[in-house]
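Contents: one structure, followed by commentary.
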Number of protein chains: 2
Amino acid sequence: MISPDLIKGSLKTIVLRLLKENGRMYGYEITRKVEELTAGRIKLTYGALYPVLHKLENEGVLVTEAENFNNRIRIYYSLTPKGNSVVAEKVNEMKEFIDSLQSIVNLQPGLNNG
Amino acid sequence: MISPDLIKGSLKTIVLRLLKENGRMYGYEITRKVEELTAGRIKLTYGALYPVLHKLENEGVLVTEAENFNNRIRIYYSLTPKGNSVVAEKVNEMKEFIDSLQSIVNLQPGLNNG
DNA sequence: CGTAATATTTAAGTAAGTTATATATTACAA
DNA sequence: TTGTAATATATAACTTACTTAAATATTACG
């Protein structure tokens, strides 16, 4: 398991990227998908996820459709046009972040420095 | 520039990884090196860096040697044996983190899902 | 009949950062 | 010589993105 402190800050981008991928998803589904894609290494907490979804909706980044499945409410989220451009920005930033971390982590003694 | 929220949480690992690489470094040097390695995309703030260095010292992860250069104090930090094992753990975790982020960011529509 | 899984909500608390300020020397330009 | 930028460290006050915890409700399984 990856420590929450490390993941902190990436939540929004992760959620938005998955929504871009899947068109629409509900909260619980997002947590499942993240666990699946990361081999259980990233687990989103509901206390973090749902407030973020609500916030993104209030900002006009996401829209919701409530549906009923087996007497359980599912609230599907999908990107607005504004949301689409936000994802693009966020994903670019995350790619730069990954590149940056890699250039630090992958340092090799005696090869890159002097 | 990568947003502070994204970097937050990685600071400790970045610092430790650089110290492992360079043997010993002083605070200001660490900020320069991170900017250099990340093409200016990650800028550490002193308000974050120095408290972290002090904390790691108190935990027995780092030791210090104060030196004088041009009438300016330089406090060099280097890893203790304990520090070496901490770096190893932290770097492993970060590699898993990077892998996880990549498996989300690099999703391709219609290829991995169904 | 109890537990696990599914599904969402939200209040209270934590802590890792940011922001701002202080201090002091060297170097360079106008 | 006066001011600004770079070098070098320290720390108090504040923010906020989370974690933790508790609540609610249905389905599924042993």
Side-chain angles (χ1 to χ4, degrees), chain A residues 1-16 18 24-36 40 42-59 61-62 64-77 90 93-94 97 101, chain B residues 1-16 18 24-36 40 42-59 61-77 90 93-94 97:
Chain A
M1 252 278 281
I2 298 162
S3 98
D5 279 342
L6 211 52
I7 297 165
K8 193 175 270 196
S10 304
L11 174 59
K12 211 175 278 186
T13 307
I14 289 171
V15 168
L16 293 173
L18 285 185
R24 59 172 217 164
M25 301 177 86
Y26 53 100
Y28 188 79
E29 186 187 10
I30 293 174
T31 66
R32 300 292 95 190
K33 197 69 184 176
V34 168
E35 275 194 53
E36 183 198 325
I42 292 183
K43 305 198 189 219
L44 304 186
T45 61
Y46 305 122
L49 177 65
Y50 288 109
V52 158
L53 287 171
H54 301 332
K55 201 190 167 200
L56 290 171
E57 190 191 359
N58 287 333
E59 291 170 0
V61 172
L62 303 178
T64 60
E65 300 166 88
E67 282 186 25
N68 213 288
F69 181 78
N70 270 5
N71 273 336
R72 280 194 210 91
I73 292 169
R74 280 183 181 173
I75 300 172
Y76 282 92
Y77 292 85
K90 287 275 182 191
E93 190 191 24
M94 180 161 283
F97 178 50
L101 289 185
Chain B
M1 252 278 282
I2 297 164
S3 96
D5 281 341
L6 211 52
I7 297 164
K8 193 177 268 195
S10 304
L11 173 59
K12 211 175 278 187
T13 307
I14 290 172
V15 168
L16 293 173
L18 285 186
R24 61 173 217 165
M25 301 177 84
Y26 53 99
Y28 188 79
E29 185 186 10
I30 293 174
T31 66
R32 299 292 94 191
K33 197 69 184 177
V34 169
E35 275 195 52
E36 183 197 325
I42 292 183
K43 303 198 190 221
L44 305 186
T45 61
Y46 304 121
L49 177 64
Y50 288 110
V52 158
L53 288 171
H54 300 333
K55 200 188 167 201
L56 290 171
E57 189 190 1
N58 288 332
E59 289 169 1
V61 172
L62 303 178
V63 284
T64 59
E65 299 166 88
E67 285 186 22
N68 212 288
F69 181 78
N70 269 5
N71 273 334
R72 280 193 210 95
I73 292 169
R74 281 182 179 174
I75 300 172
Y76 282 93
Y77 291 86
K90 288 275 181 189
E93 191 190 24
M94 180 161 284
F97 178 50

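Naming convention: chains lettered A, B, ... in sequence-line order (proteins, then strands); numbering from 1 in each chain. As a basis for the values below, the full set of heavy atoms in this structure was taken, side chains included, without hydrogen atoms, waters or symmetry mates.
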Hey, are the side chains of [X] and [Y] touching, using non-hydrogen atoms and a 4.5 Å cut-off?
| X | Y | answer |
| --- | --- | --- |
| B:Arg74 | B:Glu29 | no |
| B:Leu11 | B:Val15 | yes |
| B:Ile14 | A:Leu101 | yes |

Length of the line joining [X]:[atom1] and [N]:[atom2], which is rounded to integer Å:
| X | N | atom1 | atom2 | result |
| --- | --- | --- | --- | --- |
| B:Ile30 | D:dA8 | CD1 | P | 13 Å |
| B:Glu36 | D:dT7 | CD | P | 13 Å |
| B:Arg72 | D:dA8 | CZ | P | 5 Å |
| A:Asn70 | D:dA28 | CG | P | 5 Å |
| B:Leu53 | D:dA8 | CG | C1' | 13 Å |
| B:Asn71 | D:dT7 | CG | C1' | 12 Å |
| B:Met25 | D:dA8 | CE | C1' | 14 Å |
| A:Tyr28 | C:dA4 | OH | P | 13 Å |

A:Arg74 has its side chain closest, among C:dT25, C:dT9, C:dT8, to C:dT8
As a test of reading the structure: which of D:dA28, C:dT9, D:dA10 is closest to the side chain of A:Tyr50, going by heavy atoms?
C:dT9
Step-by-step side-chain contact (heavy atoms from CB on, under 4.5 Å) determination, A:Leu53 to A:Ile75
CA-CA 10 Å; A:Leu53 287 171; A:Ile75 300 172; over 6 Å; no
Of the non-hydrogen atoms in B:Ser10 and A:Phe97, which two are nearest, and what is the gap between them?
OG-CZ, 3.7 Å
Using a cut-off of strictly less than 4.0 Å, decide whether A:Tyr26 has a side-chain nitrogen or oxygen near OP1 or OP2 of C:dT8.
no
Can you tell me how the ring of B:His54 sits relative to the ring of B:Tyr77, calling it parallel under 30°, perpendicular over 60° and tilted otherwise?
tilted
Throw together a table of side-chain donor-acceptor distances under 3.5 angstrom for residues 61-73 of chain B, partners on residues two or more places apart or in other chains.
residue	atom	partner	partner atom	Å
B:Thr64	OG1	B:Glu57	OE2	3.2
B:Glu65	OE2	B:Arg24	NH1	3.1
B:Glu67	OE1	B:Arg24	NH2	3.4
B:Glu67	OE2	B:Arg24	NH1	3.0
B:Glu67	OE2	B:Arg24	NH2	2.9
B:Asn68	OD1	B:Asn71	N	3.3

Below 3.5 Å between N/O atoms, which protein atoms pair up with nucleotides 13-19 of chain C? Just atom names and distances, please.
residue	atom	partner	partner atom	Å
C:dG17	OP1	B:Gly9	N	2.3
C:dT18	OP2	B:Thr45	OG1	2.7

